Participant: 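Okay, here's the structure, questions in a sec.
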Number of protein chains: 2
Amino acid sequence: MATDPETGSATDSPTWVDRLRERGFRITPQRHLVLQAVDELGHATPEKIHVHVQQRTSGVNLSTVYRTLEVLEDVGLVTHAHISHGSPTYHSVRDEPHVHLVCRSCERVDSVPMSELSNLLTYLNDARGFTPDVGHLTIHGVCADCGDETAGRKR
Amino acid sequence: MATDPETGSATDSPTWVDRLRERGFRITPQRHLVLQAVDELGHATPEKIHVHVQQRTSGVNLSTVYRTLEVLEDVGLVTHAHISHGSPTYHSVRDEPHVHLVCRSCERVDSVPMSELSNLLTYLNDARGFTPDVGHLTIHGVCADCGDETAGRKR
DNA sequence: GTAGGTGCAAAGATTTTGCAGTGCT
DNA sequence: AGCACTGCAAAATCTTTGCACCTAC
């Protein structure tokens with residue numbers, strides 16, 4: 001009642017509420033805010049999510065962000081990938097499934113839709129019985145732009 | 001090539017010495033030990049490398065391990081990948097190029113030789129101009145064994 | 001002999017945890 | 001009303017850094 005779960009934002013399909021309820025978790029403003037932040041930021045570290053949430057409502061603690069992300073990941077509303085060295089980056093499962101291409105030179109993050117990689121997935125499934133967590137997949141390397149400039153750097 | 005300087009271990013081809021010298025780095029027992037450890041351990045965190053090195057010669061400091069790995073990576077003798085959450089794992093560039101399949105359930109790490117994934121590499125190169133750092137590639141997901149057992153873990 | 005390298009310890013950065021109060025159900 | 005959740009602060013990890021001494025070149 002206090003909250004109204006059917007607002008129009010992308011985060012507000014009844015799904016997320018149900019997902020949490022089904023598993024016995026409670027619906028709190030903090031969880032809503034964190035989920036929204038993940039949705040809006042695209043790729044975000046816990047730190048950035050914290051800052052983003054603070055801009056709307058001050059008072060959400062960083063440790064709550066961590067605990068909330070853990071819960072949201074547990075119920076399958078977000079996933080994380082390791083894009084940069086230190087921090088994991090979280091993103092919503094609503095995003096189109098994609099893998100990340102991270103350039104080690106310019107740090108740029110590009111995305112490749114999963115559909116382009118279907119034969120990789122097929123191979124892993126058929127030959128290995130391995131079901132990849134695609135949202136989690138990050139490919140490091142050198143992008144087209146940096147490939148010329150830094151050619152010969154490593155080999 | 002086939003010079004057999006001391007022990008004939010995989011680490012002892014003249015290459016590693018030259019690699020360091022070329023770049024103006026000095027050859028120290030610590031660097032040799034760390035490189036050997038990376039070679040022998042396969043996939044190892046800085047922590048594990050430290051322990052491994054300690055078993056041969058006590059007295060190599062953990063911070064030296066970190067600094068040494070940085071140097072070895074800089075000259076291209078080792079690379080790192082993000083297999084588990086916290087720590088990067090290092091491995092020798094001597095290993096056959098491969099990607100890592102990490103099961104999120106049993107934590108097991110499997111390897112797929114790069115040759116099996118040639119069409120992925122080709123695609124990324126041709127369509128994207130992206131040169132992946134294969135040794136760095138880690139695919140998270142669920143392996144064959146855990147796919148059955150824990151099929152409902154997320155429920 | 002001269003820099004670069006190492007060891008040691010302390011500082012940083014990041015993530016986790018215990019506990020008491022708050023609020024969802 | 002009961003108990004999960006949050007905030008706060010301290011603890012636990014993991015990694016980096018300053019400085020004096022040592023050693024490869």
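All values derive from a computational prediction rather than experimental measurement.
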Participant: Does A81(B) offer a backbone N or O that forms a donor-acceptor pair with the side chain of T89(B) under 3.5 Å?
Facilitator: yes

Participant: I need the OH-C1' distance between Y90(B) and dC14(D), as an integer number of Å.
Facilitator: 12 Å

Participant: Would you kindly give the CZ-to-P distance between R31(B) and dG7(C), to the nearest whole Å?
Facilitator: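 The answer, rounded to whole Å, is 11 Å.
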
Participant: Just jot down the salt bridge (Lys or Arg N to Asp or Glu O under 4.0 Å) partners of R56(A), sequence neighbours excluded, or say none.
Facilitator: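 Testing R56(A) for salt bridge (Lys or Arg N to Asp or Glu O under 4.0 Å), a comparison that skips the adjacent residues, returns E40(A).
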
Participant: Given atom CD1 of I27(B) and atom P of dC22(D), what is their separation to the nearest angstrom?
Facilitator: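 It is 22 Å, rounded to the nearest whole Å.
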
Participant: Does dT23(D) have its OP1 or OP2 closer than 4.0 Å to a side-chain nitrogen or oxygen of Q30(B)?
Facilitator: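 Checking Q30(B) against dT23(D): no side-chain N or O falls below 4.0 Å of OP1 or OP2.
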
Participant: Please identify each residue that fulfils salt bridge (Lys or Arg N to Asp or Glu O under 4.0 Å) with R128(B), with sequence neighbours left out.
Facilitator: D110(A)

Participant: Any side-chain heavy atom of I27(B) sitting closer than 4.5 Å to one from H32(B)?
Facilitator: no

Participant: Provide, to the nearest angstrom, the distance between the NE2 atom belonging to H50(A) and the P atom belonging to dC8(D).
Facilitator: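 After rounding, the reported distance stands at 9 Å.
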
Participant: Just compare dT23(D), dG7(D), dT6(D) and give me whichever is closest to any side-chain atom of V60(A).
Facilitator: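 Nearest to the side chain of V60(A) among the choices is dG7(D).
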
Participant: If we fit an axis to the first five pairs and another to the last five of the helix from dG1(C)-dC25(D) to dT25(C)-dA1(D), what angle do they make, to the nearest 10°?
Facilitator: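 Taking the rotation axis at each end, their angle is 40°.
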
Participant: Which nucleotide in the set dC5(D), dG7(D), dA24(D) lies at the smallest distance from any side-chain heavy atom of P29(B)?
Facilitator: dA24(D)

Participant: Mind checking what makes side-chain hydrogen bond (donor to acceptor under 3.5 Å, both in side chains) contact with T28(A), not counting sequence neighbours?
Facilitator: none

Participant: Got a sec, which residues hit ring-ring contact (aromatic ring centres under 6.0 Å, His included) with H50(B), two or more places apart in sequence or on another chain?
Facilitator: none

Participant: Quick one: R23(B) CZ to dC25(D) P, roughly how many Å, whole number?
Facilitator: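 Computing the R23(B):CZ to dC25(D):P distance gives 17 Å.
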
Participant: Does any N or O in the side chain of R31(B) come within less than 3.5 Å of the main-chain N or O of R26(B), such that one atom is a donor and the other an acceptor?
Facilitator: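 Yes; at least one donor-acceptor contact below 3.5 Å.
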
Participant: Between E70(A) and F25(B), which is nearer to the 5' end of DNA chain C once each is assigned its nearest nucleotide?
Facilitator: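 Nearer the 5' end of the strand: F25(B).
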
Participant: Would one find a side-chain N or O of N61(B) under 4.0 angstrom from OP1 or OP2 of dT6(C)?
Facilitator: no

Participant: Measure from the side-chain heavy atoms of R26(B) and tell me the nearest of dC3(D), dT6(C), dA3(C).
Facilitator: dA3(C)

Participant: Under 4.0 angstrom, heavy atoms only, what part of the nucleic acid is G59(B) near: base, sugar-phosphate, or nothing?
Facilitator: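 Sugar-phosphate contact only - G59(B) comes under 4.0 Å of backbone atoms but never of a base.
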
Participant: Polar atoms only, N or O, under 3.5 Å: list the protein pairs with nucleotides 18-21 of chain C and their distances.
Facilitator:
residue : atom : partner : partner atom : Å
dG18(C) : O6   : R67(A)  : NH1          : 3.4

Participant: I need the CG-C1' distance between L62(B) and dT6(C), as an integer number of Å.
Facilitator: 13 Å

Participant: Would you mind telling me which of dG5(C), dT16(C), dT6(D) lies closest to the side-chain atoms of Y66(A)?
Facilitator: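 Of dG5(C), dT16(C), dT6(D), dT16(C) is nearest to the side chain of Y66(A).
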
Participant: Would you mind reading off the distance between L20(B) atom CG and dC25(D) atom P, rounded to a whole angstrom?
Facilitator: 10 Å

Participant: Quick one: is T28(B) getting a side-chain N or O under 4.0 Å of the dA24(D) phosphate, OP1 or OP2?
Facilitator: no

Participant: Of H80(A), H91(A), K48(A), H100(A), which meets side chain to side chain donor-acceptor pair (under 3.5 Å) against H43(A)?
Facilitator: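 Exactly one option meets the side chain to side chain donor-acceptor pair (under 3.5 Å) with H43(A), and it is H100(A).
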
Participant: Can you see if the side chain of R21(B) gets near the phosphate of dA24(D) - specifically, an N or O under 4.0 Å from OP1 or OP2?
Facilitator: no

Participant: Do L33(A) and T68(A) come close enough that some side-chain heavy atom pair is under 4.5 Å?
Facilitator: no

Participant: Quick one: L69(B) CG to dC14(D) P, roughly how many Å, whole number?
Facilitator: 15 Å

Participant: Side chains of F25(B) and D74(B): does their closest heavy-atom pair fall under 4.5 Å?
Facilitator: yes

